[in-house]
> 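Got a structure here, written out as structure tokens. Questions coming.
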Number of protein chains: 6
Amino acid sequence: MAATPASGRLSAHEIHDEPFYRPVGDEIDIFAAAYASRLPVMLKGPTGCGKTRFVEHMAWRLKRPLITVAAHEDLTAADLAGRFLLAPEGTVWHDGPLTMAVREGAICYLDEIVEARQDTTVVIHPLTDARRALPLEKKGELVQAHPDFQLTISYNPGYQSAVKDLKESTKQRFVAIEFDYPEAGIEAEIVAREAGVSVDLAGTLVDVGLRSRNLRGHGLAEGASTRMLIHAAVLARGGASLEAAVRSAILLPITDERDVRDALGAAIAAGLPAAARPR
Amino acid sequence: MAATPASGRLSAHEIHDEPFYRPVGDEIDIFAAAYASRLPVMLKGPTGCGKTRFVEHMAWRLKRPLITVAAHEDLTAADLAGRFLLAPEGTVWHDGPLTMAVREGAICYLDEIVEARQDTTVVIHPLTDARRALPLEKKGELVQAHPDFQLTISYNPGYQSAVKDLKESTKQRFVAIEFDYPEAGIEAEIVAREAGVSVDLAGTLVDVGLRSRNLRGHGLAEGASTRMLIHAAVLARGGASLEAAVRSAILLPITDERDVRDALGAAIAAGLPAAARPR
Amino acid sequence: MAATPASGRLSAHEIHDEPFYRPVGDEIDIFAAAYASRLPVMLKGPTGCGKTRFVEHMAWRLKRPLITVAAHEDLTAADLAGRFLLAPEGTVWHDGPLTMAVREGAICYLDEIVEARQDTTVVIHPLTDARRALPLEKKGELVQAHPDFQLTISYNPGYQSAVKDLKESTKQRFVAIEFDYPEAGIEAEIVAREAGVSVDLAGTLVDVGLRSRNLRGHGLAEGASTRMLIHAAVLARGGASLEAAVRSAILLPITDERDVRDALGAAIAAGLPAAARPR
Amino acid sequence: MAATPASGRLSAHEIHDEPFYRPVGDEIDIFAAAYASRLPVMLKGPTGCGKTRFVEHMAWRLKRPLITVAAHEDLTAADLAGRFLLAPEGTVWHDGPLTMAVREGAICYLDEIVEARQDTTVVIHPLTDARRALPLEKKGELVQAHPDFQLTISYNPGYQSAVKDLKESTKQRFVAIEFDYPEAGIEAEIVAREAGVSVDLAGTLVDVGLRSRNLRGHGLAEGASTRMLIHAAVLARGGASLEAAVRSAILLPITDERDVRDALGAAIAAGLPAAARPR
Amino acid sequence: MAATPASGRLSAHEIHDEPFYRPVGDEIDIFAAAYASRLPVMLKGPTGCGKTRFVEHMAWRLKRPLITVAAHEDLTAADLAGRFLLAPEGTVWHDGPLTMAVREGAICYLDEIVEARQDTTVVIHPLTDARRALPLEKKGELVQAHPDFQLTISYNPGYQSAVKDLKESTKQRFVAIEFDYPEAGIEAEIVAREAGVSVDLAGTLVDVGLRSRNLRGHGLAEGASTRMLIHAAVLARGGASLEAAVRSAILLPITDERDVRDALGAAIAAGLPAAARPR
Amino acid sequence: MAATPASGRLSAHEIHDEPFYRPVGDEIDIFAAAYASRLPVMLKGPTGCGKTRFVEHMAWRLKRPLITVAAHEDLTAADLAGRFLLAPEGTVWHDGPLTMAVREGAICYLDEIVEARQDTTVVIHPLTDARRALPLEKKGELVQAHPDFQLTISYNPGYQSAVKDLKESTKQRFVAIEFDYPEAGIEAEIVAREAGVSVDLAGTLVDVGLRSRNLRGHGLAEGASTRMLIHAAVLARGGASLEAAVRSAILLPITDERDVRDALGAAIAAGLPAAARPR
């Protein structure tokens, strides 16, 4: 199946410059194999470990426009599929982002799908099996998917609760790729490149990240993400002391509990250069 | 009762090519007998075992258009029956998918009916007894069903909870056909045909499926569906190793629990050719 | 009070052919006495025992059009009373089914009233006492009921729960008639007539029904209704084996519990002709 | 304050014929004294004991139109106050029933006020103190009440629950009059007059009513109301046997519990003439 | 800051005649001091003790128009701020009562603020600090408050529950004045003046009020308010016996519990002149 | 990145006069470093300690317009992003406050973000990472942020509950700055300047504040905020006695519990000049 060029309507969603992505396993090959047969893909993993960046990279690599929708509790099926709006000549149909992707052959990325209401997750079912169709019930139209259309979702297993989980009948429709924070050397490389700091400083911050991740389950819901390490590096590059950068980008956002914060602060300080330890 | 040709409005819903379906019992005869008297039918069974494919096959066999609606929590009676939309000359009625099927004699398939709100399930009551009529209360019209109209619903008993179950007065209106995953030889045949792989590879994957289904109730809500086996076969055909294909298409989507995944992974590995076992 | 002919708007709701109804007690006389004084009537009884058919029969007998509304959780007062719709000359009022019945003298039948929201049940109060009026608050009109108008509701006491019950102040407004499954000989007569099968086959199925009703409270919420027996007879007439007909029309719809189904299956098999017992 | 004649808009709400009402205490004087100073009145008492009839009688006696609104869970402040509707020249305001009564000097009767949502009960506050004004917030208008306007509400204390009760700040705004079923002689007089039966038959039915009220708290939420006794009398007058009339008008509507119904049936039968006892 | 004359739009909200208010402490000075700096004020106290009358009096004294909004559960931010309505030339913005007060310099009184939804309480935040601005988000306008605008709210601490309480961040924005029922002599003076009865009769009723307030916590949520005493006086002036007046205006509205009512009745009777004791 | 001048549409949001802000640590530097890289910032701290004033000061310092939105439970994504409104030529899109800030390069301040619904917090995600884009799903537009746009939120950790907390995936996107009440000398300086009173009086009130904060956790949810101290000072300046000023501005608003208020009153009185102690 050759990929046809993206239409004008999607040009804002084309990705022209290669998004930096540092692969850590066979994730690129698996995604490519799934895309070749247009199987839907689920990216599993914790917050801020690079899932969004990965799908941007794959869209660039596969030369497909990317339409991203952040799911949330109030996202309705109509927000995805489209709705009638009032125009001088009466009500006029406007495609939603999913319909646009389906019609014109984009990759549609539904971020944090589990946050959405049931109608949102069910509306994608007929797009994820042999039918590859999107019924616009309000419009009475059955949109057959463009040959290049593919659906990708993200999912953070750490967040699931009894009340909010993907239905079995939804999960089983997806091929899954697992993500985690990268191995230390790779993570330092990423932090250095994204924040524009030395690999040395980046390495110090990755060490801070590892220490925080060791406290997961001991008062911390999650450790510091790669994103937080990059924030700290950016603040340091902008003139903040390493101690202030770590405090503002990691310690303060990660927890409201003073005890936990003190424990984490101590653990971190032990690993910082003496000059950067909090006074 | 001779089936009249489907009208133009339904042509997108006609099925011209025989959908592959491998019968496993008397399900085709029962459905045909029910359709002959236009009795409503309920397809019961687990996720991904072929219920949707079966109703497509029957629609093709009976030469009736098929209108499928995926039920969900937010599906309203109006989504099924229709609504008034604003046009230059005032509000104009637009038939919903159920009304279209009722008027023009299609088979209407309500997938996962139990997800729908009560108003959706009650709106079908007068269509499922001697009345065979759909009252469009908002429009003040009583639509008498086309002689060819028939209603089919699907229902996964494994999903029912205290809060969500079909009412007795709804269940009793349907003739039921039970589905389960097919016997191993038949399932291998299906996987091979659907994914375009050798019966040999398909048989290996069916063995994986059986091992996973044995863990049902031991941490797994459901075993791997036929659909998941097909996904694994597709990834393998696309170049992924058998181990990676099983991981991405079965192990990762089926559970978030690391313990369960390890147990399942071990059980599966024992049945894979030595070369395909995870490193 | 002489019944005036039904207006054109109601002609779709007139019943020209006598609906088959086999009386079992004094229910016809009680309904007629209530209708003579236009007292509202409540039909109490289990699912599928003939309440809807009875009210159709009475409407035919009294030569009044019948407007049936299936109540459900999302049925609003506006669905019954009417609403403003947008037309070129502004908003135009459209009578709902209840208002139509009130204005033009039909019998209005609210099926499974207890499913409706409170506003629906309260809107009928002024129609059920000396006022016999329907206030259309949104329209600012007080519709005085046509002399022939009467209100009938149905109510399944087996369904009531703590959260959903008719208010005392509603119940006390109705004269009640109790229904149950008919005595065996009468039920066989009904099954034979409705499904077009021999009284012999019908009798066998009625025996199946009685066995299932004995299991009520032992895992079964309700026994097989008369409707289910008719379905089984229809499938048998259409060529299905008696065993397959009973399985599809009774065993599978009535319960999802394998234990209960096995017990019921055994109880039923004991009563079937040897040839029809499941293999 | 002299009562001015009701305007044309209210003519459908004028009461020309004296509604039959048999006083049982000083209720007419209290209401008249409250109306003289336009104090708001609350009628407290059980279902079907004549509260609605009383307010109709008082409106006739005071020569004021009566606008009745049955409160329910979904009654919004807008249903009472009014709303904008779309007309060719844009949105046009339509007074709700309360606003109409306020502007033109009717008695407004809010039946079962406790069923309403909080916004409904709060909207009446400024009408029940020295302000005597209704702010139409959506319209930006402050409607000063017509000198003849008065507000009456009904309230059944037996119904109140923890979640649904009038707020103290609402209750304290009303002068209250208590109602109960009338004393036996008076009740027989009422039943005889309303149903057109002999005082003798009426007395028998009143005796049935008293027996049922003695079971209050022993399985019965409420005893038979005067209204139910009238229904039984009407059925008997229409030809039903006394036993059938009592069964349909009292026994069946009053409870779904077979035990309670049997106990009540026995208690009632003991008081019926031998010929009327159930077979 | 000199008060500018109220614009035409607010003329219905100007108070021309002095509302009777009998001060009981420094409340007039505190309010005046707060108004001088336009600090927002919270009036705390039980039902019917004169908070509304006080704010009317202050508005008259300060010569500012008064816009009162009774808060309730369904009051939305749009009800306060305003909304777009459809007119021939498209949607037109209509100021809500709060916006009107903000623009034109009225005192806005939000009665029983704690009943309102969170959005209502939050919308007033920027009006209660140095910003003194109301952002009309739907209109994209930031309304700077007129120099004379001031916000007053009322709050009954006895009503607060776990689910409904003012947020700390809201409470801290207000200067508070506490109210309670006035001392006996003053209360008699108020009752006499408001109901037009002798101070003697008023004193007897104030004594009834005190006895009821002593039962607070012993079955009574609140004692009789000054308002209820005035109601009783009005009924007595209108010809009702003192006993009937107390029963209708105090005993019946204050409680539904027969025990409590009997205890209260006895306590009250002990204090009434012998002739007025219930028979 | 040079800051471009704010467009006309935002001129009402420009801050021309330096808002008084007394720094207490490195908060100005951290905010400036974050703004330099356009990192999103979260201001953490208790009620009324100066977070809003700080962001106003920073907007003035950075010469950027400031758009403030107070979050609340009913704030929808559409309230932030914008919506279609009806105009003569059909529906027309109106940017919400967030979209306006994104398009034209303002600082957008979401106050008390945790109050908002999930959709509001999720809608900001793509603005807080490398994408810096706001998808207007209803309009089908992807707004790329102006180079000067920055997002700041406030968050009071003391308010978080199990049901309302920021998601980890939201928190991790922000650099945080912690606020608390300022040290006594600084706080007196602030109170004196804001209320226009002597540093002496301000110092007395700061001492009152400290005493109240010591009772935090002993019946008080929070101590007196700096804002409350300023209110007391304003009342005193306006002529109220110090005792009345403290009562109205601090004691009454801070708690409804008489015990707690007495304890606090005693603690405060001990620190007031003898002449100002309550009588």
Side-chain angles (χ1 to χ4, degrees), chain A residues 25-27 29-42 44 76-78 84 86-91 93 117-126 128-131 133 135 137-142 144 155 157-158 160 165-178, chain B residues 9 12-13 19 46-48 52-53 56 67-75 79-80 82-83 85-89 92 94-97 100 111-112 115 156 158-159 194-195 221-222 224-225 227-228 231-232 234-241 244-245 247-249 251-257:
Chain A
D26 59 359
E27 69 267 29
D29 292 343
I30 296 283
F31 194 100
Y35 184 77
S37 296
R38 303 301 186 260
L39 291 186
V41 173
M42 171 196 295
K44 293 177 74 165
T76 62
F84 284 99
L86 202 58
E89 70 277 17
T91 46
W93 178 263
R117 301 193 309 176
Q118 295 285 2
D119 65 335
T120 309
T121 48
V122 167
V123 94
I124 61 179
H125 278 198
T128 54
D129 57 29
R131 292 173 284 174
E137 275 144 28
K138 297 212 159 74
K139 190 165 177 253
E141 180 185 352
L142 189 75
Q144 211 57 46
Y155 173 81
Q160 305 338 116
D165 198 0
L166 280 186
K167 301 198 299 177
E168 287 295 318
S169 64
T170 303
K171 280 186 192 172
Q172 297 212 357
R173 292 164 178 276
F174 289 85
V175 160
I177 301 175
E178 199 169 30
Chain B
R9 195 153 68 123
H13 296 275
T47 302
T52 298
R53 182 64 62 88
E56 288 171 350
I67 294 184
T68 297
V69 180
H72 54 75
E73 257 180 25
D74 305 299
L75 188 83
D79 290 331
L80 284 181
R83 52 169 49 87
L85 293 174
L86 202 58
E89 69 278 15
V92 174
H94 282 235
D95 282 347
M100 218 193 308
D111 197 11
E112 302 204 39
E115 296 293 332
N156 183 343
Y159 278 8
E194 294 270 334
E222 297 207 32
S225 63
R227 184 202 314 268
M228 291 173 107
H231 282 180
V234 164
L235 287 183
R237 197 199 59 205
S241 71
R247 173 167 34 92
S248 276
L251 269 183
L252 285 173
I254 216 170
T255 180
D256 299 334
E257 304 288 335

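Below, chains carry the letters A, B, ... as their sequence lines are ordered, and counting in each starts from 1. Side chains included, hydrogens not; waters and symmetry mates left out as well; all remaining heavy atoms used.
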> Is B:H231 close to chain A through its backbone or its side chain, or both, or neither, when contacts mean heavy atoms under 4.5 Å?
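Looking at B:H231, backbone and side chain both touch chain A.
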> Report which part of B:E56 has an atom under 4.5 Å of a heavy atom belonging to chain A: side chain, backbone, both, or neither.
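Contact with chain A involves the side chain of B:E56 alone.
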> For B:S248, what residues pass the side chain to side chain donor-acceptor pair (under 3.5 Å) criterion, not counting sequence neighbours?
none
> If you count heavy-atom pairs within less than 4.5 Å of chain B, which of A:M42, A:K44, A:H125 leads?
A:K44
> Pick whichever of A:V41, A:I30, A:I177 has the most heavy-atom pairs under 4.5 Å with chain B.
A:I30
> Where does A:R173 contact chain B at under 4.5 Å (heavy atoms): side chain, backbone, both or neither?
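Its backbone and side chain both get close to chain B.
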> Report which part of B:A245 has an atom under 4.5 Å of a heavy atom belonging to chain A: side chain, backbone, both, or neither.
neither
> Checking side-chain contact (heavy atoms from CB on, under 4.5 Å) between A:K171 and each of B:T47, B:I254, B:D256, which is the one that passes?
B:D256
> Looking only at heavy atoms, what is the nearest atom pair of A:Q172 and B:R227, with distance?
O-CD, 3.6 Å
> Relative to chain B, which segment of A:A32 carries a heavy atom at a distance below 4.5 Å: side chain, backbone, both, or neither?
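Contact with chain B involves no heavy atom of A:A32 at all.
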> Regarding A:S37 and B:R237, do their side chains bring together a donor and an acceptor under 3.5 Å, going by distance alone?
yes
> Please rank B:A240, B:A232, B:G238, B:S225 by heavy-atom pairs under 4.5 Å with chain A and give me the top one.
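Ranked by contacts with chain A, first place is B:S225.
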